[in-house]
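Here the structure comes first, spelled out in structure tokens, and everything after it is commentary.
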Amino acid sequence: MLVQILDIDYIFTNKPILRIFGKTEDGKNICVFYDRFFPYFYVKPKQNIKETEENLQKVTEIKEIEPVEKFLPLGFHRKPDKLLRLTLLNPSDVPAVREMIAKYVDDIYEADIMFKYRFMIDHELYGMKWIDVEGTHERTTTVKVPALHATSIKPAERIGNAPFRYMAFDIECLPSDPTMPIDNRKDQIIIISIAFHPEFDNKKTIVLVAKPFKGDNVQSFVNEKDMLAEFLRLIDIYDPDVITGYNINSFDFPYLVERLRQNKLPLNLGRCDKPITSKKFGISEEFYATGRIIADPYQILKRDPWIRLSRYDLNTVSKLMLNEEKHHVEYGEMKNLWNGTKDELKRFVDYARKDAELSLKLLLEKQLMAKFFELSKISGVLLQDVFGGQTKRVETMFMHEFTKRDFVMPCAPSGAELNKRNNEREKKGLKGATVLEPEKGLHTEGCILVLDFKSLYPSLMRTYNISPDTLILDKSEKNIAELKGIKSPVGSYFVDPSIAEGIIPYQVKKLIEKRTETKKLMKKADAEEKKALNITQLALKDMANSMYGYTGYVRARLYMIDVANSITGFGRENLMKTKKLIEEEFGVKVIYADTDSAFVKTKIKDLDQAKELGDKIAAYVSERLPGFLELAFEKLYRTFIILTKKRYTGWKFEFVDNEWVDSIDMRGIETVRRDWCALVSEVMNEVINIILKEGDIQKAIDKVKDVLTKLRKGEIPLEKLTIIKGITKNIDHYDGMLPHIELARKMAKRNPQEPPKIGDRIGFVIIKGSQMLSKRAEDPSYVKKHGLQIDPDYYINNQVFPPLERIFSAVGVEKGELFGSGRQASLLGLGTKATRKHEIEIEHKKPLDNWEEFMCQKCNKTYRRMPLQGVCGCGGELLIVCNGSVGKKVVMK
DNA sequence: TGCCAGCGGGG
DNA sequence: GTGTACGCTGGCA
């Protein structure tokens with residue numbers, strides 16, 4: 001029987017029984033029981049093995065002591081070490097036994113590998129992959145799905161996924177006092193909305209209401225307890241594989257669990273009789289329901305490094321990703337809607353329904369799970385745990401390889417070990433990458449070519465065989481010579497790959513090979529397959545790129561600062577070598593370089609000629625770099641302003657599908673900030689555009705002057721001057737004088753019925769007057785009504801000026817010239833005439849401005865611009881593709 | 001520039 | 001559950 005692994009846990013009766021919750025090919029649920037596996041770990045005995053064994057034999061929990069030969073992973077070892085493998089009966093005894101025996105042994109390995117993972121690794125099982133199971137039907141009431149007592153479990157080849165059932169929910173509560181934080185011990189849940197995929201009983205959604213109410217797809221109850229009981233029942237009958245909902249991990253679940261407790265209702269939301277559990281993960285909690293997956297779109301989106309949004313509330317996210325909005329209900333009015341007319345209650349019900357729908361749509365339509373399915377299959381981590389973070393993924397993947405190679409894995413660092421590492425880090429330092437001091441200012445004479453190393457750190461690890469297990473500890477001349485040691489720029493040595501290929505280089509190689517293979521398959525795949533393969537390809541890249549970070553992460557089991565330092569050291573060395581090669585061979589200057597990229601200044605104004613040179617440089621340098629290192633020509637900037645390291649902007653051109661695509665690229669220069677009014681962003685963007693595209697600095701100055709004049713005359717609309725800040729605590733608890741808090745106090749006095757409360761965002765403008773600044777914050781609508789004047793000096797000096805000044809000073813314009821009255825700017829020898837017009841004719845003038853391209857979800861056709869009708873010619877929906885990854889969004893305006 | 005405090009999403 | 005835990009932004013020195 002073929003089963004796809006969804007989740008695993010174990011129970012203990014008189015021996016441990018592993019329970020694999022999975023799906024069969026036709027989507028049926030099954031739980032596979034396996035009782036032939038026992039917990040074990042390794043110890044390094046003291047010099048006197050006999051004595052160590054005698055001591056260990058006294059520990060009754062240890063059932064078996066077996067001598068084994070295993071390789072230690074930190075530093076290169078020619079031979080395996082003699083270790084002892086200790087087998088126990090009960091996994092939960094391991095922590096205590098580990099403590100107990102610490103004094104009898106020199107070292108302990110793998111004593112904190114969770115039992116289910118120990119089992120998976122030893123049987124070569126991976127999360128979300130398929131297994132071939134033989135066994136007999138098992139009668140049990142401990143799980144809610146049919147059970148199978150397995151006699152054999154083997155990994156199976158099948159790819160693809162079983163059909164999954166998804167359920168999204170959202171709760172609404174009745175706050176007794178909306179100005180106070182909501183209290184889950186008193187304030188009841190009054191509405192639960194649910195959305196299903198596939199449909200449940202021909203229904204896409206159901207809303208549960210804890211008071212009498214009639215409506216379509218609504219079930220009403222007389223009290224909270226009955227409603228909650230029905231919710232539990234619905235989970236069991238619908239039996240979802242994935243439970244989702246927006247921010248459920250830090251709101252809905254903790255709240256629900258407390259309400260279930262208060263009502264003395266059961267907590268077994270999973271597929272067995274265990275209660276739902278949670279663990280604190282930094283700020284938010286994460287919930288676990290055995291046998292099901294709990295996925296929170298909020299957390300997925302927030303942790304995705306490719307998706308950078310200014311806000312992550314459901315409304316913003318839905319608008320941006322689904323082009324849909326929440327129904328509008330203010331938090332403060334919920335109480336009234338609940339106690340109001342039938343129509344008001346209906347509005348509340350529809351509001352709740354929409355929220356559940358939106359969460360489900362996000363997860364399904366934006367395919368938020370797809371990447372995690374793949375990461376699970378690649379790393380071996382169970383789907384529920386793969387949301388957690390890179391460390392677990394990397395370590396689990398390594399564990400599989402370690403076991404194959406007869407290596408043992410160190411335990412995770414203790415508190416003391418962490419301290420030691422942090423101290424060592426302070427002493428030795430973890431030197432980062434090279435960032436060259438840039439040639440600051442405006443560059444317009446010719447194209448700036450940008451050359452990038454293709455996945456620099458993975459390539460370095462492969463090229464120099466950098467790995468914890470290849471680091472040479474015995475640095476005697478003889479030893480280094482025998483192992484053909486490769487010296488790193490920080491003085492570490494690594495074994496030559498002909499003697500031993502390191503675990504990391506090997507894993508990186510595997511990942512890269514698989515990725516190349518996947519990309520090849522993509523070329524001849526149909527649209528649907530292509531999309532899936534693209535996600536696989538990206539997940540592989542993700543894994544390869546997380547290796548470097550892992551070696552330098554203090555909590556890593558395989559943390560070795562010399563390894564991390566060698567990687568960046570080689571990176572610096574090769575970047576400097578690249579700079580030298582380029583400058584010496586081509587007579588051009590590298591005006592800036594950061595980590596893995598070099599910015600080359602040329603005098604070429606023609607895009608095609610520039611590209612030709614870029615390609616030539618890339619080929620020349622790549623040929624002269626060692627191993628797997630490869631430099632590629634990525635893009636060019638026709639005009640370029642660099643303020644400091646990591647802060648630059650340029651008129652970017654990329655050659656995509658035989659066509660030049662242009663946009664204004666900004667790095668590290670903010671045009672949007674929460675505490676800036678819209679005017680600032682607008683002027684910043686305009687100024688940068690004028691300077692880069694027209695080369696007309698005077699025009700940019702005039703633009704600013706014009707804005708300043710309008711500000712003084714009060715001609716700028718208030719909307720553009722409104723600054724928004726949130727109230728984060730009770731307004732009586734603020735000590736200092738903050739403009740938005742002072743305004744909130746004023747507003748509370750003016751309208752005592754609806755005072756601003758915690759969580760509200762207050763929009764304000766600064767008005768003229770003699771009082772201190774914070775007292776002059778005013779509500780824009782109040783300003784309009786009473787014809788008050790805004791304070792132009794504040795906006796000039798505190799808002800518009802500081803960011804603009806940095807740009808202008810970089811292009812050689814003094815502060816005074818922006819204020820000055822008609823005095824001509826001195827432009828660092830840049831005649832405005834000469835730079836006003838570039839010698840390039842641009843075909844499509846409309847810049848994409850951060851948006852790279854659009855890819856059809858259906859047929860995978862790509863567009864450089866959003867077609868007028870907003871969808872693909874084939875009718876398919878368009879995804880934004882950024883840096884080559886599908887569905888990744890860019891900075892929001 | 002660097003450090004510390006506080007917030008995020010939800011209702 | 002063989003667990004123990006974030007990461008950014010803004011305000012201030």
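- Taking the P atoms as reference points, C:dA5 lies 24 Å from C:dT9, given to the whole Å.
- Comparing atom distances between the A:Tyr298 side chain and each of B:dG9, B:dG11, C:dG3 picks out B:dG9 as nearest.
- Among the atoms of the strands shown, only primed sugar atoms or phosphate atoms (P, OP1, OP2) are found under 4.0 Å from some heavy atom of A:Asp313.
- Considering only residues two or more places apart in sequence or on other chains, A:Gln799 meets the side-chain hydrogen bond (donor to acceptor under 3.5 Å, both in side chains) condition with none of them.
- Between C:dG3, B:dG10, B:dG11, one nucleotide has an atom nearer to the side chain of A:Glu172 than all others, and that is B:dG11.
- Nucleotides C:dG10 and B:dG9 place their P atoms 13 Å apart, quoted to the nearest Å.
- Straight-line distance between the C1' atoms of C:dC8 and C:dT4: roughly 23 Å, to the nearest whole Å.
- If you check every strand for non-hydrogen atoms under 4.0 Å, A:Tyr109 touches nothing.
- Taking a centre distance below 5.5 Å and an interplanar angle below 30 degrees as the stacking criterion, A:Phe115 does not stack against the six-membered base ring of C:dG1.
- Contacts of A:Asp296 with the nucleic acid, taken as non-hydrogen atoms under 4.0 Å apart, are absent.
- Residue A:Leu174 is classed as having no contact, given no heavy-atom separation below 4.0 Å to the nucleic acid.
- Taking the six-membered ring where the residue is Trp, A:Phe253 and A:Phe169 present perpendicular rings, their angle passing 60° and hence far from 30°.
- Across all strands, A:Tyr10 comes closer than 4.0 Å only to sugar-phosphate atoms, never to a base (heavy-atom distances).
- Partners of A:Glu224 according to the salt bridge (Lys or Arg N to Asp or Glu O under 4.0 Å) rule, which considers only residues two or more places apart in sequence or in another chain, are A:Arg259.
- Dashed line: the shortest gap from a side-chain N or O of A:Lys326 to OP1 or OP2 of B:dG11 is under 4.0 Å.
- Put simply, OH on A:Tyr331 is 14 Å from C1' on B:dG9, counting in whole angstrom units.
- Comparing atom distances between the A:Cys173 side chain and each of B:dG11, B:dG9, C:dG3 picks out B:dG11 as nearest.
- Residue A:Leu88 is out of contact with every strand shown, counting any heavy-atom pair closer than 4.0 Å.
- Here OG1 of A:Thr290 is found 5.0 Å from CG of A:Asp9. Values are rounded to the nearest 0.5 Å.
- Of the residues near DNA chain B, A:Asp355 and A:Lys302, the one whose nearest nucleotide (by heavy atom distance) lies more toward the 5' end is A:Lys302.
- Going from atom CZ of A:Arg555 over to atom P of C:dT4 covers 7 Å, rounded to whole Å.
- Using a 4.0 Å cut-off, no side-chain N or O of A:Tyr117 falls inside it from OP1 or OP2 of C:dG3.
- A:Lys70 and A:Tyr109 share no side-chain donor-acceptor pair at under 3.5 Å.
- Within 4.0 Å of A:Arg303, counting heavy atoms only, lies no atom of the nucleic acid at all.
- Within the 4.0 angstrom heavy-atom criterion, base atoms lie near A:Pro91.
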